[in-house]
Structures are given as structure tokens and as C-alpha cells.
Amino acid sequence: MPERPTLEGLEAKWSAAWEEAGTYRFDRAATGEQIYSIDTPPPTVSGSLHVGHVFSYTHTDTMARFMRMRGREVFYPMGWDDNGLPTERRVQNHYGVRCDPSVPYDPDFRPPEEPSDREPVSVSRPNFVDLCLRLTVQDERAFEALWRSLGLSVDWEMTYTTIGRLAQGISQRSFLALLRRGEAYQLEAPTLWDIDFQTAVAQAELEDRERPGAMNGVRFHPVEGGEAVIETTRPELIPACVALLAHPDDERHRNLVGKDALTPLFGTRVPVRTHPAVEKDKGTGLVMVCTFGDLTDVMWWRELGLPVRSVLGADGRLQEVPLGEPGWDSADPGAARAAYSELVGLTINQARKRILELLAQAGDIVGEPQPVTRAVKFFEKGDRPVEIITSRQWFIRTLEHRERLIERGRELHWHPPYMRARFEDWVNGLTGDWCVSRQRFFGVPFPIWYEIDQHGNVCHERRLLPEDDRLPVDPSTDVPAGYEPSQRGQPGGFAGDPDVMDTWATSSLTPQIAGQAGVDPELYEKVFPFDVRPQAHDIIRTWLFSTVLRSELDYRELPWSDAAISGWVLDPDRKKMSKSKGNVVTPMHLLDEHGADAVRYWAASGRPGTDTAFDPKQMKVGRKLAVKVLNASKFALADLPPAGASLTHALDRALIGRLAGVVAEATDSFEDYDYARALERAESSFWWYCDYYLELVKGRRYDPDPDVSASVARALRISLSVFQRLFA
RNA sequence: GGGCGCGUAGCUCAGUGGGAGAGCGCUCGCUUCACACGCGAGAGGUCGCAGGUUCGAAACCCGCCGCGCCCACCA
């Protein structure tokens with residue numbers, strides 16, 4: 001018994017001891033209901049963990065420890081989500097490179113020592129992927145060190161990465177199965193597109209940002225005379241206009257409906273039609289449909305069977321179009337070409353400015369532009385608004401499974417229960433199938449090649465698929481069965497699918513990856529379906545939703561019985577922490593300053609699902625609690641008589657009875673995933689115990705008569721053990 | 001516009017039908033032999049507002065106000 005008990009050194013001593021003893025290893029001999037499996041969120045490996053990670057992972061850890069103490073064999077792996085755009089962007093900045101798939105592989109490539117200020121160095125795709133792997137290995141080491149400092153009781157022998165062979169094989173196998181069953185399909189269709197990353201993105205990855213704009217009145221010219229004025233914030237899309245629409249009940253435009261009008265500047269003939277989704281009281285009540293300005297355009301285009309006139313290129317600039325040719329008819333092809341030549345090659349903003357000048361010169365601007373602020377869709381990791389561009393992409397069927405997904409959401413036990421509403425809202429609001437292909441590099445490739453015909457054309461409908469036992473494959477370096485490497489890209493040869501999967505297309509399989517589906521069937525059988533998916537509420541629409549979808553498509557069952565949803569850590573002003581705001585708190589110094597128990601105390605006091613303000617004061621409180629436990633232990637255990645006596649004194653018996661109630665309450669709280677309530681009960685009863693029970697028994701505890709002190713000694717042993725287990 | 005959550009002491013929050021509470025902060029006192037990272041005493045609140053249900057409402061119901069998040073719209 002030390003003279004002055006101290007927290008210093010305890011963490012290093014015990015984490016080493018637990019590692020040595022394999023305390024948190026999963027015992028594969030366990031079976032059935034005995035096993036409690038956790039579908040741990042793999043944190044994105046792109047820089048550093050922040051205090052929000054510490055918060056929610058601590059919540060999960062308390063559940064793991066509780067279940068272990070209840071006699072369950074806990075399967076608690078860790079994963080690293082290292083594939084995807086965040087890593088690519090970090091590698092670009094860190095090494096000053098840019099991936100260019102047309103550059104050949106250089107086996108002797110060395111990255112620059114320091115990223116230069118000049119143009120980034122173009123490197124081949126394999127070299128780029130090597131750099132991504134190199135950097136993520138470093139990051140993952142740092143992440144593991146942090147998790148160990150925090151005392152997470154994960155089994156470090158079960159770690160996976162989303163770019164690793166296991167995850168790639170499982171992702172590809174699942175995708176090919178979906179393809180065989182028709183649940184995955186390839187289609188050339190309007191797709192949400194980020195013009196900076198030049199990749200398709202999914203509905204789930206969009207966010208709104210307020211942007212200033214201007215509403216411009218623009219005059220169209222009905223072929224039978226008169227005028228048709230629309231209002232638009234996107235005049236640069238006038239060459240892509242395919243129709244004008246009015247509401248069916250709108251008297252003002254009744255004489256135009258069913259007739260044609262010519263676009264200003266380009267003289268393209270477009271029909272005037274009706275659609276019930278047009279809002280009469282917005283602008284003039286007349287709206288132009290372009291291919292494509294927004295998702296509403298896509299809906300009108302699809303429902304009214306309109307043609308496509310695509311003016312926007314993948315790089316976000318206006319591209320060459322065959323004005324005057326079929327599909328691009330013009331009343332005055334010469335004038336149309338002259339006007340469009342002023343726009344081609346310009347960015348969206350440049351083109352918008354220029355076309356307004358041209359319209360003004362032509363006298364087709366009506367009134368003054370009205371400044372407006374409107375919410376614009378952005379890719380959540382992007383810097384410019386998403387556009388809608390027609391491209392060939394892979395999709396997973398989602399819309400037709402909506403009702404079954406809602407049902408699964410109702411079978412799932414949500415903690416807290418109201419989080420289910422977010423899931424249902426999202427499913428009900430889906431507007432399209434899930435676009436899973438990305439025109440990027442550091443991800444799981446689509447395991448598909450295409451035949452090339454004698455003319456050198458890639459035949460996307462003539463697919464060459466690998467057998468499952470070859471997976472994972474990289475079609476950009478591997479060769480389909482029956483072909484030679486020399487036939488790549490040649491007439492009569494083959495071409496690999498150039499795309500990689502959306503990172504969620506892999507993350508949606510974390511139960512299968514963690515459980516090693518198809519690789520270690522015995523393990524998988526034991527852990528799947530998992531018991532719990534812990535995660536934060538902001539990714540219900542992405543990770544939780546997509547995992548439920550994949551499990552439904554592959555197994556027709558839920559991937560887990562429970563979902564434990566944690567809140568966010570907000571800054572002291574209750575604002576969301578984000579890199580751009582510069583208010584992110586990194587956790588390592590907190591662990592150094594306050595100690596893991598203190599940080600965990602703060603985290604565990606945040607109620608399930610509730611956002612919590614970052615508050616170091618709570619960590620100080622946690623540290624005091626830890627010190628108090630040491631001191632109370634010193635008092636309780638010093639010079640105790642031998643064990644074995646019985647509880648004879650009423651006060652001692654009352655204490656133990658009271659503790660039984662606390663244990664029951666804490667247990668009930670934990671069973672309902674309410675670790676915060678369990679902590680609050682344990683803590684308040686512990687301070688009561690110190691202030692009243694320990695003070696009350698001092699006289700008897702030091703009584704020279706062993707018959708008097710024996711009952712106290714017994715009660716102290718029991719009560720101290722109970723409190724230590726409650727806090728554990 | 002729709003959905004969800006929240007609004008209790010200066011701050012952070014607990015409290016789902018009967019006593020308004022905890023920690024921090026503040027005031028006063030105490031080195032008392034587990035602990036000054038402690039102990040004791042105290043000040044501080046029309047429980048967002050307005051109705052209703054009830055013998056009784058911080059809690060249950062209706063409406064409103066404010067804050068946050070998600071979704072939709074965004075011509």
C-alpha cells in the first residue's frame with residue numbers, strides 16, 4: 001500500500017499487462033449466444049483523430065467491457081478506412097504528386113522529399129497507390145497508439161483495412177454476386193458529378209451550401225410570334241435547353257402550350273409543355289428545362305421523354321457541340337455557332353457572365369437581374385457545386401427495395417429509439433439508385449474487363465468476369481482468363497474497367513470484412529449477424545443505410561440486432577467541430593494531461609445520441625474521481641483483518657443492500673445502452689459511500705476488538721470490489 | 001415547407017405524476033489520523049411562454065416562441 005497513491009504509471013503498467021495476458025483477445029471456442037460482436041466503425045485514415053472519435057469510441061468500449069463482465073465473449077475488432085478520396089487528397093498534398101493513369105509505372109519512383117510549390121509531379125496509378133499505402137500505414141500506427149492510450153479493449157489481432165486484400169476480395173465478390181442477380185447494373189445516365197475531382201458522387205454525399213446568385217429574366221421567341229419570358233439563375237445552360245414548361249392550370253401560358261419556341265442566341269426549337277411540378281407563382285410561371293441544371297431537370301427530362309443536349313464537359317467547361325446538326329437544329333446555324341464560339345472552353349462562371357452580355361446585346365434580357373441567395377448542392381468534400389453530367393456508371397438497385405429497408409429499420413433496435421426516424425426519412429427521400437462507381441484511383445477496382453471489337457471499340461455489354469477464387473483482381477494490371485497481357489487495349493483484345501468503388505460500397509460490408517466472410521467461414525458463422533453497430537448520427541444515411549442495404553441484398557437479414565447512435569462533440573460555443581472552422585480539438589494532449597480514465601469519464605457522461613459540448617472541466621472531475629477511488633481503496637484495504645468474517649452489523653448489511661440496488665440500476669442502464677446513466681449512478685453512490693459510510697465506520701474499523709472490526713472489514717472488501725467493477 | 005431533438009441555478013447537465021437536484025464556479029469555515037484532486041456550511045432557480053388533463057405537473061396533452069440537426073425546395 002503506497003503512502004500516497006497516484007495515477008501516474010498505472011496506464012503503462014496495465015495496458016502492457018493486458019496485452020501480455022491477451023485479456024481482450026476473442027476466444028474462438030465461444031459459441032452462439034455467448035458471443036457479443038461489435039461492428040466497429042473504421043475511422044477514416046486521413047490525418048488525425050479528433051476528440052469526437054475519442055468520445056464515441058469510448059461509448060462503444062464501455063459496452064464491450066460491460067458485456068465481457070456479463071460473461072459474453074466479445075468480438076471487438078478495429079478497422080481502418082483508408083481507401084477513398086481523403087487519402088488521395090492527403091497524398092497529393094503530402095508528396096506534391098498527382099495521379100495520371102496514362103503515365104507508365106516507374107518501379108524506381110521516389111517521392112519528392114518536400115512537396116514543391118510548383119506543379120505537382122504526375123505519377124502512374126500504381127505509384128500513386130503505393131504512396132497512398134505508404135502514408136496510410138504511418139497514420140494507422142499513430143491511430144493505434146492513440147487507441148491504446150485511451151485504453152480501448154479491442155482485439156488488435158483482428159484489425160482490417162478497407163484497402164486491404166480481404167476487403168477488396170469481399171467487396172468484389174459481393175459486387176459480382178449483385179451483378180449476377182441483376183441488383184447491380186451499368187448505365188449511361190445523368191449522374192451527380194464533381195468537376196474538380198472529376199468523378200461521379202452519390203446523393204448521400206451531397207450537402208447544401210448557401211451561395212449568392214442572380215435571377216435573370218430571359219426572353220424566348222415563340223415560333224408563332226409573341227414572347228415567352230423565363231427566369232433563370234443559370235443562363236449558361238440556355239444552349240442545353242430542351243423544353244419550356246408551365247403548370248397545366250396556368251392560364252397565362254395556355255396559348256403557348258403545345259407549340260414551339262426558339263431559344264435566344266441559338267435559335268434552337270424547343271417545345272412548350274406542361275408538368276404539375278411547375279410552380280405557378282415562381283418567376284413568370286414558365287421554366288426552362290436544361291440537360292441538366294438540377295435534379296428537377298432530370299425528373300422532367302425523364303418523365304416527359306425529352307432529348308439530351310449536353311453542353312457541360314467533365315471538367316466543368318462548356319464543350320464543343322455540333323450546332324446546326326441533327327439534335328442541335330437551329331433557325332440560324334451561323335448565328336448559333338457564332339454565339340456558342342464565345343462560350344466554348346469557358347468555365348461555368350465565365351460562361352454565365354459572357355452569355356449575359358450576349359443576351360443583353362441581342363435584347364433578350366428582360367428587366368434587371370435580381371440578387372438571390374440560394375442553397376446549392378455540393379459534394380461534401382468538394383469546392384465547387386456538383387453538376388449533372390451524363391456518364392457511364394455502376395449502380396446498385398435501391399429504390400425498389402425501399403419498403404423492405406423500412407421494415408428492416410423497424411426490426412433494428414435503435415439506441416436512442418428516435419434515431420430510426422432519420423433512417424426512414426432518408427429511405428423515403430431517395431430519388432435514385434446508388435451510384436457506386438468513382439473515377440478515382442485509391443479504391444477497390446471493379447473486377448470487370450470488357451471485350452474490344454475489331455474496330456477498337458470497347459463493348460461495355462460484353463463483360464469478362466473473373467472466377468470468385470481469383471479475387472481480388474485489379475483489371476488495370478491483371479488479365480482476364482483466355483487473354484494475353486499484350487491484348488490490353490488492342491482490337492480483339494480487352495480493356496479493364498477503369499473505375500473504383502465508392503468508399504461506402506466497401507464500408508457497407510464491414511460486418512463481412514471484420515468477420516472474414518468467405519475466408520474464415522467458421523469465424524463468420526459465429527459473429528454474423530453482429531450484435532451492435534455503434535456509430536454517429538450523421539452517417540445514418542450513408543454507412544448505416546448502405547450496410548442494411550447490402551445485408552438485405554446478400555442475406556435478406558439485418559447485419560446486427562442493435563444500433564447504438566452517438567452524438568457529436570461540439571466546441572464550447574456549441575458549434576460543430578470542423579477543420580475549416582479551425583475549432584478541432586486533438587485528443588493526445590488531453591490523455592497526457594488528464595489521463596485516460598478522466599477523458600473516458602468525460603466521454604461516457606455524454607448521453608447516447610446527444611451532442612455534447614467539449615468541456616475539459618469534466619475531465620478534471622473524472623480525474624478527481626479516479627484519485628478518490630485510489631484514496632478510498634487505501635483506507636478500505638490498509639491493515640484489514642483476514643477475510644472470512646460475516647456481515648453482522650446492521651449498517652454494513654444496509655450498505656451492501658444499497659449497493660445491490662445500484663448494481664441493478666447500472667446493469668439495467670447498460671442493457672439499454674445507456675452507459676451515461678450507469679456512470680452517473682455509480683459515481684453518485686460512490687461519493688455518498690465515501691462521505692457517509694466510510695466516515696461512519698471509522699470508529700468500528702479501528703476498534704481493537706476483532707469481533708467489532710470484522711464486519712466492517714468484510715463490508716469494505718465487498719463494497720470496494722463492487723465500485724471498482726462498476727467503474728470498470 | 002416536413003421530420004427529429006433540445007430549452008431546469010452564472011456554466012455543464014441529471015431528474016417521465018407528489019421533497020426542485022448534482023458537479024463546476026461563488027461565499028464562509030476546516031491541514032479532522034484514506035483523500036486539500038479533500039471535508040463541512042451557505043447564497044443562487046416564476047423548471048422557455050400560454051392553455052389543458054389531474055386531488056397534485058419541471059414531467060402527460062395542445063398551441064406558441066427560441067436553438068440545433070436531418071430532409072425537401074432552390075426555374
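A note on names: the letters A, B, ... follow the listed sequences, proteins ahead of strands, and every chain is numbered from 1.
Put simply, the side chain of A:Val386 reaches to within 4.5 Å of the side chain of A:Leu206, judged on heavy atoms. A:Asp562 is not listed as a side-chain neighbour of A:Arg533, based on a closest heavy-atom distance of 4.5 Å or more. By the 4.5 Å heavy-atom criterion applied to side chains, A:Glu680 and A:Ser669 are not counted as neighbours.
Atom NZ of A:Lys377 and atom P of B:rC74 are 10 Å apart (whole Å). Atom NZ of A:Lys628 and atom P of B:rC37 are 12 Å apart (whole Å). Protein atom CZ of A:Arg701 is 15 Å distant from nucleotide atom P of B:rC33, rounded to whole Å. Summarising the geometry, the separation between CZ on A:Phe686 and P on B:rC35 is reported as 14 Å, rounded to the nearest angstrom. Between the CG atom of A:Asn631 and the C1' atom of B:rC39 there is a distance of 13 Å, rounded to whole Å. Note: CG (A:Asp672) to P (B:rU16) measures 13 Å, nearest angstrom. Rounded to whole Å, the distance from CG on A:Leu696 to C1' on B:rU32 is 15 Å. Distance CH2 (A:Trp687) to C1' (B:rG21): 18 Å, rounded to an integer number of Å.
The backbone N or O of A:Arg234 lies less than 3.5 Å from a partner atom in the side chain of A:Thr232, making a donor-acceptor pair. Of the possible polar contacts, none joining the A:Asp364 side chain to the A:Phe220 backbone as a donor-acceptor pair under 3.5 Å is found.
At a threshold of 4.0 angstrom between heavy atoms, the contacts of A:Glu424 with the nucleic acid are absent. At the heavy-atom level, A:Cys290 lies nowhere under 4.0 Å from the strands shown. Within 4.0 Å of A:Asp294, counting heavy atoms only, lie sugar-phosphate atoms of the nucleic acid but no base atom. As judged by a 4.0 angstrom heavy-atom cut-off over every strand, A:Asn428 is placed among residues making no nucleic acid contact. Within the nucleic acid shown, A:Glu279 comes within 4.0 Å of at least one base atom, counting heavy atoms only. Heavy atoms of A:Val278 sit under 4.0 angstrom from at least one base atom. No contact: A:Ser684 has no heavy atom under 4.0 Å from any strand. Among the atoms of the strands shown, none is found under 4.0 Å from any heavy atom of A:Ser605. When heavy atoms are screened at a 4.0 angstrom cut-off, A:Gln203 is found touching the sugar-phosphate backbone but no base atom.
Nucleotide B:rC11 has B:rG23 as its partner under the Watson-Crick or G-U criteria, with both atom distances under 3.5 Å. As the counterpart of B:rC69, B:rG3 is assigned, both hydrogen-bonding distances of the Watson-Crick or G-U wobble pattern falling under 3.5 Å. Summarising the base pairing, B:rC55 is matched to B:rG18 through a Watson-Crick or G-U wobble pair whose two defining distances lie under 3.5 Å. In this entry B:rC30 has B:rG38 as its Watson-Crick or G-U wobble partner, both defining distances falling under 3.5 Å. Applying the Watson-Crick and G-U wobble criteria (two distances, each under 3.5 Å), B:rG44 pairs with nothing in any strand.
Separation of the P atoms belonging to B:rA43 and B:rA58 is 22 Å when rounded to the nearest angstrom. When the C1' atom is used for both B:rC11 and B:rC4, the distance is 27 Å, rounded to whole Å. Atom C1' of B:rG10 sits at a distance of 25 Å from the matching atom of B:rG19, rounded to the whole Å. Taking atom C1' on both nucleotides, B:rC6 is separated from B:rA14 by 15 Å, rounded to a whole Å. Comparing B:rA22 with B:rG42, their P atoms sit 11 Å apart, to the nearest whole Å. For B:rU54 and B:rC62, the C1' atoms lie 16 Å apart once the distance is rounded to whole Å. A gap of 35 Å separates the P atoms of B:rC26 and B:rG18, to the nearest Å. The same atom, P, is picked in B:rG48 and in B:rC61; the two are 15 Å apart, to the nearest Å.
Screening residues 596-610 of chain A for side-chain hydrogen bond (donor to acceptor under 3.5 Å, both in side chains), with sequence neighbours left out, gives A:Asp61-A:Arg600, A:Tyr601-A:Glu683, A:Arg607-A:Asp674.
The distance between the ring centers of A:Trp414 and A:Phe423 falls below 6.0 angstrom.
Minimum atom distance to the side chain of A:Lys698 is reached by B:rA34, of the listed B:rA34, B:rC74, B:rA36. Side-chain proximity of A:Val621 to the nucleotides B:rC71, B:rC39, B:rG23 is greatest for B:rG23. Closest contact between the side chain of A:Arg541 and the listed nucleotides B:rC71, B:rA34, B:rC74 involves B:rC71.
Here CD of A:Glu400 is found 10.5 Å from CG of A:Leu405. Values are rounded to the nearest 0.5 Å.
A:Ser709 and A:Asp703 are not linked by any side-chain donor-acceptor pair at a separation below 3.5 angstrom, with hydrogens and angles left out of the test.
Neither OP1 nor OP2 of B:rC35 sits under 4.0 Å from any side-chain N or O of A:Arg623.
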Next item on the list: If a protein heavy atom is under 4.0 Å from the base, mark B; if only from the sugar-phosphate, S; if neither, -; do that for nucleotides 3-14 of chain B going 5' to 3'.
Entry: SSS-------SS
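The minimum heavy-atom distance linking A:Val272 with A:Leu256 is given by the pair CB-O, 3.5 Å.
Mapping A:Ile230 and A:Glu207 onto RNA chain B by nearest heavy atom places A:Glu207 at the nucleotide closer to the 5' end.
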